[in-house]
Amino acid sequence: MNMNFNSKILPDLEKKYNVTYPVLRNATYKSLVNYATDLKSPIQRWYRYKEGYSIKLMQQIFDEYNVKKSDIILDPFCGSGSTIIQAKINGFESIGFEINPFSAFLAKAKTQNYKSSDANEFIKEKVKLFKIKNGKIKNTEKPKLSTIDKLFDKGVLAYLLNLKRAIKKIKNKKVRDLFFLAWLSILEECSNYKKAGNGLKIRRTKLSTVRNYSFAESIFKNRVTEIEEDLPYVIETSNRVKNPQIYEHTSLEMNKFVKPKSVKGVIFSPPYANCFDYTEIYKVELWMGDFVKEYSDLKKLRQRGVRSHLNGYKISLDKDKNLVSELTLLVDELKQVKLWDSRIPIMVRSYFDDMFMAIDQIYKALKPGGFCCIIVSNSAYGGVIVPTDLLLTKYAKKIGFKVKELDVARFIITSSQQYKKTEKHKKYLRETIIHLVK
Ligand SMILES: C[S@@+](CC[C@H](N)C(=O)[O-])C[C@H]1O[C@@H](n2cnc3c(N)ncnc32)[C@H](O)[C@@H]1O
């Protein structure tokens with residue numbers, strides 16, 4: 001096999017940019033590209049969005065680029081809203097896009113403005129919700145997800161459905177959102193499944209004795225208490241700006257919503273070219289939370305996101321703009337190696353078509369002098385490295401961006417099979433913060 005791409009093309013491409021590795025500088029972003037750092041932070045602790053990054057990283061970037069009160073910040077893949085929260089805390093206007101309705105709900109509920117009267121109502125409603133017990137399951141209320149009975153113990157499911165019905169009746173929308181968020185946030189913990197790798201796995205140990213109704217009740221109460229504890233801070237940081245604008249819409253059409261040359265900074269972490277499907281990993285939240293009601297809804301949703309996985313969408317190629325010759329070489333090399341799915345080369349091409357489209361629109365939205373920070377991981381298939389950081393950078397430069405730096409935040413762990421095949425080139429298997437300026 002001729003692995004020309006890893007040994008020749010990759011090093012040549014890397015030489016063109018200022019790539020800094022963790023050993024070469026003092027400050028390390030290592031922990032900040034990871035959501036785990038935020039598990040004690042107010043608001044962020046309400047839901048652990050595993051693919052999210054830390055609000056501390058956002059603050060470092062705001063400081064580095066001297067963002068001011070009158071500036072607008074944009075996150076085209078806002079997930080659970082980490083960028084938007086930190087912008088709001090600083091009093092910056094912000095705009096987010098998120099295609100997954102569950103994630104968009106999280107981002108909105110965490111970042112909208114709240115008043116003291118909302119906190120008072122929260123306490124009143126809490127007393128009522130804490131009295132809810134389990135009981136009988138109404139079949140009409142059970143999500144149509146085929147595995148639902150395996151995922152939850154019967155008593156837990158009955159409790160969760162009773163609780164959801166009561167939450168939906170709360171009149172004050174903001175208070176309702178907070179309880180609904182608390183309810184969504186406990187689903188994984190009180191179920192028999194676990195998010196692992198690219199999907200959901202049934203927990204190994206027999207847990208129905210532990211993950212029973214009283215366990216679910218206790219973790220719901222704990223989460224509600226955390227939210228209540230954070231409310232004074234939420235209220236204090238409210239009204240520094242109007243509610244952030246979060247669109248539940250594909251960011252591949254962001255220019256329909258964002259004025260040209262209006263944004264000071266764009267910060268985001270997109271899906272990676274690693275076959276990770278956000279609608280699969282958040283399947284239980286999507287079904288249980290009524291964000292999808294039929295399998296056809298899930299299918300449609302899958303077709304709307306960036307083409308970073310193989311689940312359920314038609315992969316077709318857009319017209320090849322041929323702006324990044326290395327991408328063509330990469331896809332050609334992927335076609336020659338043994339892969340676990342023959343559609344991977346086309347998926348990789350489609351992924352970059354989507355990401356290039358996003359970068360085009362970001363460029364248009366930015367003010368001259370504005371910045372763009374992209375946090376992205378590379379991947380590998382059949383031993384061929386997909387250098388997403390370098391390919392996105394090359395495209396961005398072609399359309400007019402100045403490349404400031406590629407800051408390697410951490411190295412990533414791949415499967416042992418990929419590890420063996422890529423060991424010689426492992427410095428390219430990494431998560432990078434790409435710094436661009438218009
Ligand atoms: C890495 S996550 C972002 C996490 C976020 N930075 C945070 O801290 O919570 C990428 C997000 O992009 C979303 N996404 C995928 N395709 C999209 C599209 N076409 N438009 C908008 N969002 C999309 C996914 O649903 C996912 O939530």
Side-chain angles (χ1 to χ4, degrees), residues 32-39 41 43-59 61 73-87 94-111 181 185 195 198 244-258 266-283 285-286 291-292 298 300-309 311-313 347 350-359 361-362 373-377 379 388 409 412 431-433:
L32 302 186
V33 287
N34 189 338
Y35 198 92
T37 316
D38 279 4
L39 289 178
S41 304
I43 314 175
Q44 287 294 76
R45 66 178 175 157
W46 299 351
Y47 188 95
R48 180 178 182 174
Y49 202 74
K50 289 200 183 68
E51 305 74 31
Y53 45 51
S54 167
I55 50 172
K56 298 178 191 79
L57 173 63
M58 295 304 98
Q59 193 58 46
I61 294 175
I73 294 295
L74 165 66
D75 184 340
F77 298 92
C78 75
S80 65
S82 314
T83 314
I84 310 291
I85 289 175
Q86 202 54 23
S94 61
I95 305 170
F97 286 84
E98 173 54 51
I99 200 70
N100 184 325
F102 157 67
S103 314
F105 166 79
L106 264 186
K108 284 182 197 167
K110 283 164 65 186
T111 59
L181 192 163
S185 78
K195 295 185 174 76
N198 274 355
Q245 189 67 262
I246 295 174
Y247 296 99
E248 190 189 312
H249 195 92
T250 175
S251 54
L252 303 187
E253 293 178 346
M254 69 183 107
N255 282 171
K256 285 189 185 165
F257 304 88
V258 186
V266 180
I267 312 175
F268 68 101
S269 173
Y272 304 156
N274 58 1
C275 292
F276 188 90
D277 175 3
Y278 283 85
T279 61
E280 179 61 27
I281 207 94
Y282 290 107
K283 193 163 72 177
E285 287 81 358
L286 284 168
F291 297 106
V292 301
L298 192 64
K300 274 187 220 141
L301 190 59
R302 283 187 169 151
Q303 291 171 345
R304 293 212 301 264
V306 161
R307 293 173 288 174
S308 60
H309 59 83
N311 283 348
Y313 62 84
M347 182 207 83
S350 317
Y351 171 81
F352 283 100
D353 283 342
D354 288 352
M355 290 312 300
F356 293 168
M357 200 191 282
I359 293 175
Q361 297 187 47
I362 288 166
C373 290
I374 311 176
I375 294 108
V376 76
S377 256
S379 46
T388 305
I412 53 173
E431 188 159 21
T432 307
I433 308 177

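Order of appearance sets the numbers: ligands from 1, and atoms from 1 within every ligand. These values consider heavy atoms only, across backbone and side chains, with no hydrogens, waters or symmetry-generated copies.
Looking only at distances, no side-chain donor or acceptor of Lys110 sits under 3.5 Å from a matching main-chain atom of Ile85. Between the side chain of Glu98 and the main chain of Gly79, a donor-acceptor pair closer than 3.5 Å is present. At distances below 3.5 Å, at least one donor-acceptor pair connects side-chain atoms of Ser269 with backbone N or O atoms of Ile375. Remark: the backbone N or O of Arg307 is paired with a side-chain donor or acceptor of Asp354 at under 3.5 angstrom.
Of all the heavy atoms of Tyr278, the ones lying under 4.0 Å from any atom of ligand 1 belong exclusively to the side chain. At a heavy-atom cutoff of 4.0 Å, ligand 1 is contacted by the side chain of Tyr49 but not by its backbone. Contact annotation: for Ala107 versus ligand 1, there are no heavy atoms closer than 4.0 Å.
The ligand atoms of ligand 1 that sit less than 4.0 angstrom from a heavy atom of Ser82 are 7 (C), 8 (O), 9 (O). Ligand 1 places these atoms under 4.0 Å from at least one heavy atom of Glu51: 1 (C), 4 (C). In summary, the atoms of ligand 1 found under 4.0 Å from a heavy atom of Arg304, numbered by their order in the structure, are 19 (N). Of all the atoms in ligand 1, the ones that sit under 4.0 Å from a non-hydrogen atom of Gly305 are 16 (N), 19 (N).
Across the listed options Leu106, Ile55, Val306, Asp354, Val306 owns the non-hydrogen atom lying nearest to atom 16 (N) of ligand 1. Comparing Asn100, Ile281, Ile99 by heavy-atom distance to atom 22 (N) of ligand 1, the nearest is Ile99. When the options Cys78, Pro101, Ser269 are ranked by their closest heavy atom to atom 5 (C) of ligand 1, first place goes to Cys78.
Relative ring orientation between Tyr247 and Phe97 is described as parallel, the plane-to-plane angle staying below 30° on a 0-90° scale split at 30° and 60°.
Separation of the Tyr278 and Phe77 ring centroids does not fall under the 6.0 Å cut-off.
Closest protein heavy atom to atom 20 (N) of ligand 1: Ser251 N, 3.0 Å. Protein heavy atom at the shortest distance from atom 9 (O) of ligand 1 is Ser80 OG, 2.7 Å. Looking only at heavy atoms of the protein, atom 19 (N) of ligand 1 is closest to Thr250 OG1, 3.0 Å. Of the protein's non-hydrogen atoms, Pro271 CG, 3.4 Å is the one closest to atom 15 (C) of ligand 1. Among all protein heavy atoms, the one lying closest to atom 24 (C) of ligand 1 is Glu98 OE2, 3.4 Å.
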**Request:** Evaluate ring pair (Phe, Tyr, Trp, His ring centres under 6.0 Å) for Tyr47 paired with Phe102, printing each intermediate quantity in order.
**Result:** CA-CA 12 Å; Tyr47 188 95; Phe102 157 67; 5.4 Å; yes
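Between Tyr53 and ligand 1, an N or O atom pair is found at a separation short of 3.5 Å.
When only modelled atom types and interatomic distance are considered, Ser379 and Tyr272 share no side-chain donor-acceptor pair under 3.5 Å.
Of the residues Glu285, Glu51, Glu280, the one that meets the salt bridge (Lys or Arg N to Asp or Glu O under 4.0 Å) test with Lys195 is Glu285.
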